[in-house]
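So you know, we letter chains A, B, ... as the sequences are listed, proteins then strands, and number each from 1. Not measured: the values here are computed from a predicted model. Every heavy atom of this structure was used, including side-chain atoms; hydrogens, water molecules and symmetry mates were not.
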There are 2 protein chains.
Amino acid sequence: MDDAATTNGGSDPISAASPIGTDGPTGTDASEHRPPVPGLLPAEVRGGRAQPKTDKSEQTRALILETAMRLFQERGYEKTTMRAIAAEAGVSVGNAYYYFEKKEFLIQGFYDRMTYEHAADARIRMAGTTDFAERLEIALTSWIDCAAEYHEFAAQFFRTAADPTSSLSPFSSESHPARKTAVELFGETLSGSELAPKLDAELAELLPDLLWLHLMIVVLYWVFDRTPDTERTREFVRRSTPMAARIINLSRFRVFRPIVRDAKGLIQDFILPTIGRTTK
Amino acid sequence: MDDAATTNGGSDPISAASPIGTDGPTGTDASEHRPPVPGLLPAEVRGGRAQPKTDKSEQTRALILETAMRLFQERGYEKTTMRAIAAEAGVSVGNAYYYFEKKEFLIQGFYDRMTYEHAADARIRMAGTTDFAERLEIALTSWIDCAAEYHEFAAQFFRTAADPTSSLSPFSSESHPARKTAVELFGETLSGSELAPKLDAELAELLPDLLWLHLMIVVLYWVFDRTPDTERTREFVRRSTPMAARIINLSRFRVFRPIVRDAKGLIQDFILPTIGRTTK
DNA sequence: CCGTCCACTTGAACGCGTTCGAAACTATCT
DNA sequence: AGATAGTTTCGAACGCGTTCAAGTGGACGG
C-alpha cells in the first residue's frame, strides 16, 4: 500500500514558468524575482501534505520545519527524533506528521534553502567575470561554501536522494523547482561568459543541464570527501572546470563534430528525459 | 556514541574472495556449505561480525544469509523483517544479529553473488568477439541480465551504497573484492579486443577502472529505470558503448592529446584514489 | 443560539530494527 | 568428572518512525 501518491492532493502550487532554453535575452536576465528569505516561502510547502488553508496552519508548518532544521544541525539527522522535534516545537508528533508525510520530507527544507542561497551567492560572486572557466569554478565553489555547514549530515540526505522511490531525488522528481533554479544558474553561468556567443545554439541549450550534472558529480565527490574543509573537493573543482571549459570550447571544431553529435544525441535521448526535462 | 565501530573487533580480516559456488539446481538448503579449500573463507563472510570459529557457526551464518536473500526476493527488502528472517531460518533474532551487524549487511550477499555471476557470464558471452565496442556492450548487457531479478529492491541497495558511512558503498569501501572482480572483468574486456595493442600503456592502465565507472553510470540509470525489462537501460547501453569505444579510439590521435592528458591527470589524481585504487 | 462541517491537533499504540544480559553449548585443562 | 573459558543462541525489552481513532475549535447557516 503505497499511499505516498494518494495522500498528496497532487496539486503543486508552483506553476512552471517558461522553458529555460527559450529565453533569448542576452542582456540583463531579470530573473531575480526571488524574495531574499526563502525560509517561509510557499516554495517549501512541497513535500508535505495538502495545501495549507489557514494562516495558523502555515505558521505551524514553518515552526516545525524550522525547529527540525535547527535540531538536525545541532544533533545530526539520525539523532534528531520526531518526538524531539515535536516537543521542541511545542506540538504533538501526530501534528508533525500532519504536515510532513515522513521525516525525510523535512530534509527538503535544507535542499531548497541551500539551492536558493547558492544561486544568489554564485550570481553575486561571478558578476564581472566573463571567463567561462572562472565562472563555472565560482559557481561550483560557491556551492561548496553554501553546503559546508550541512556536510555532516549530507550523507543522510544523499542517501535519501539516491532512492528512486523517494520524491526527494534530484533526478526522478518531476517539477522540482530547486533543480530548475540550479539549472537556471548554470544557464546564466554560460550566457554571461564570452564563450556563449561562439557556441552552437543546440549545444548551448543542453549545456545548463550538463553543467548541473557536473555539479551533481561534485556533490557526489563532496559527500564522500573527508578532508578538512572538503579541500579535496575544492581542488577537484579547480582542476575539472578548466577541462570542462576546454572541452566545450573545442567542441566547435570540425574534428570533434561526430563525437559532439553523438554526445548530444545521447544526452537528449537518455539523460535529459530521465532528469525530468522534456526538450521538445 | 557510535558503537558501530567499537563492537566490531576493529578490522575484519578478509582473507580472499572466492566465487560463490554455483548453487545447486533446486534445493537452496544449507547442505553443501562447507568450503573445500580450508584456508579460504567464503566471500559471504564479509560485512558481518567476527570471523566464524566453528563449522556450525559458518553453517548458521550461511543459513541466515540464504534465508534472507530468498525472502528479500519474495517480498522485497523493506517488507522482509528481521523477525521473519530469523523465524524462517529457525533461529532467534539475536542470533541473526550475532552474525550480521545490521540488516543492511545481508544485502552484501546479493552484491557479491551478482558480481561473480556477472563476471562469469560476461566472460562466456564475449568469448570469440574481438571488437571492443561489442565486448563492452556484452559486458554491460550481461550485467543487466544478471541483475534483472533483483531490480525490485535494487533501490534499497542503491540507497545503502550511496551512504559514505556505510562500508557497503562501492566507492568508499577499501579492499572490496567484488569491485576488484568487476574491474578485472573490464580489464579483460579491453585486453581481449583488437583495440588494446594500439593504446597508450598508461591509458590502458586506467581504462578498466573507467569502464567500471561506466558500469556504475549504467547501474544508476538502471535503478531509476521503470520501463519493462529495463529496456531503456539496454538501449542506453547500446547507444553509449559505441561512443565510448570511439572516444577511446580517437584518443590516439594528436589533436586529442591535450584533453587526454588532462583527463588522465584528473582521473589519476582524483577519481582512482577515491574509489580505493592506488595507482603508483 | 445551536448544529454541522472541516481544518487542525492529540497521544496512545503498532511494527520493526536493534540491543543486552543471560543461558546453553563446546572445547580444553586438571 | 568437574572447572574454566570461549563461542553461540536466545528472547524480552528499548527506541524510534509512523498510524489512527478520537478530539478541539472556529466558521457558517439556520
Checklist entry - In chain order, what residues pass the side-chain hydrogen bond (donor to acceptor under 3.5 Å, both in side chains) check against B/Glu78, with sequence neighbours excluded? => result none
Distance, rounded to the nearest Å, where [X] contributes [atom1] and [N] contributes [atom2]:
X: B/Phe100; N: D/dT9; atom1: CZ; atom2: P; answer: 12 Å
X: A/Asp55; N: C/dA7; atom1: CG; atom2: C1'; answer: 13 Å
X: B/Arg61; N: D/dT9; atom1: CZ; atom2: C1'; answer: 15 Å
X: B/Tyr98; N: C/dT18; atom1: OH; atom2: P; answer: 18 Å
X: A/Gln59; N: C/dT9; atom1: CD; atom2: P; answer: 10 Å

Checklist entry - Do the ring planes of A/Trp222 and A/Trp143 sit parallel (below 30°), tilted (30 to 60°) or perpendicular (above 60°)? => result perpendicular
Pairwise N/O distances under 3.5 Å, protein to nucleotides 21-24 of chain C:
none

Next on the checklist: With no hydrogens and no angle check, just 3.5 Å: does a side-chain donor-acceptor pair link B/Ser57 and B/Tyr99?
Outcome noted: yes
Checklist outcome for this item: Sorted by chain and number, sequence neighbours left out, ring pair (Phe, Tyr, Trp, His ring centres under 6.0 Å) with A/Tyr150 holds for A/Phe110
Within less than 4.0 Å of OP1 or OP2 of [N], is there a side-chain N or O belonging to [X]?
X: A/Asn95; N: C/dT10; result: yes
X: B/Ser92; N: D/dG11; result: no
X: B/Thr60; N: D/dT8; result: no

Checklist entry - Centre of B/Tyr98's six-membered ring, under 6.0 Å away, within 45 degrees of the axis: is that where NZ or CZ of B/Arg61 sits? => result no
Next on the checklist: Tell me whether the NZ or CZ atom of B/Lys103 lies within the 45° cone about the ring axis of B/Tyr77 and under 6.0 Å from its centre.
Outcome noted: yes
Next on the checklist: Quick test of your reading: applying salt bridge (Lys or Arg N to Asp or Glu O under 4.0 Å), list the pairs with at least one residue in residues 217-226 of chain A, sequence neighbours left out, ordered by first then second residue.
Outcome noted: none
Checklist entry - Which atom names give the shortest non-hydrogen contact between A/Ala122 and A/Ala139, and what distance separates them? => result CB-CA, 4.2 Å
Next on the checklist: Can you list everything that forms a salt bridge (charged side-chain N to carboxylate O under 4.0 Å, His left out) with B/Glu149? Sequence neighbours excluded, please.
Outcome noted: none
Protein N or O to nucleotides 15-18 of chain D N or O, pairs below 3.5 Å:
{"residue": "D/dG17", "atom": "OP1", "partner": "A/Lys103", "partner atom": "NZ", "Å": "2.7"}
{"residue": "D/dG17", "atom": "OP2", "partner": "A/Met82", "partner atom": "N", "Å": "2.8"}
{"residue": "D/dG17", "atom": "N7", "partner": "A/Arg83", "partner atom": "NH1", "Å": "2.8"}
{"residue": "D/dG17", "atom": "O6", "partner": "A/Arg83", "partner atom": "NH2", "Å": "2.5"}
{"residue": "D/dT18", "atom": "OP2", "partner": "A/Tyr97", "partner atom": "OH", "Å": "3.0"}
{"residue": "D/dT18", "atom": "OP2", "partner": "A/Lys103", "partner atom": "N", "Å": "2.9"}

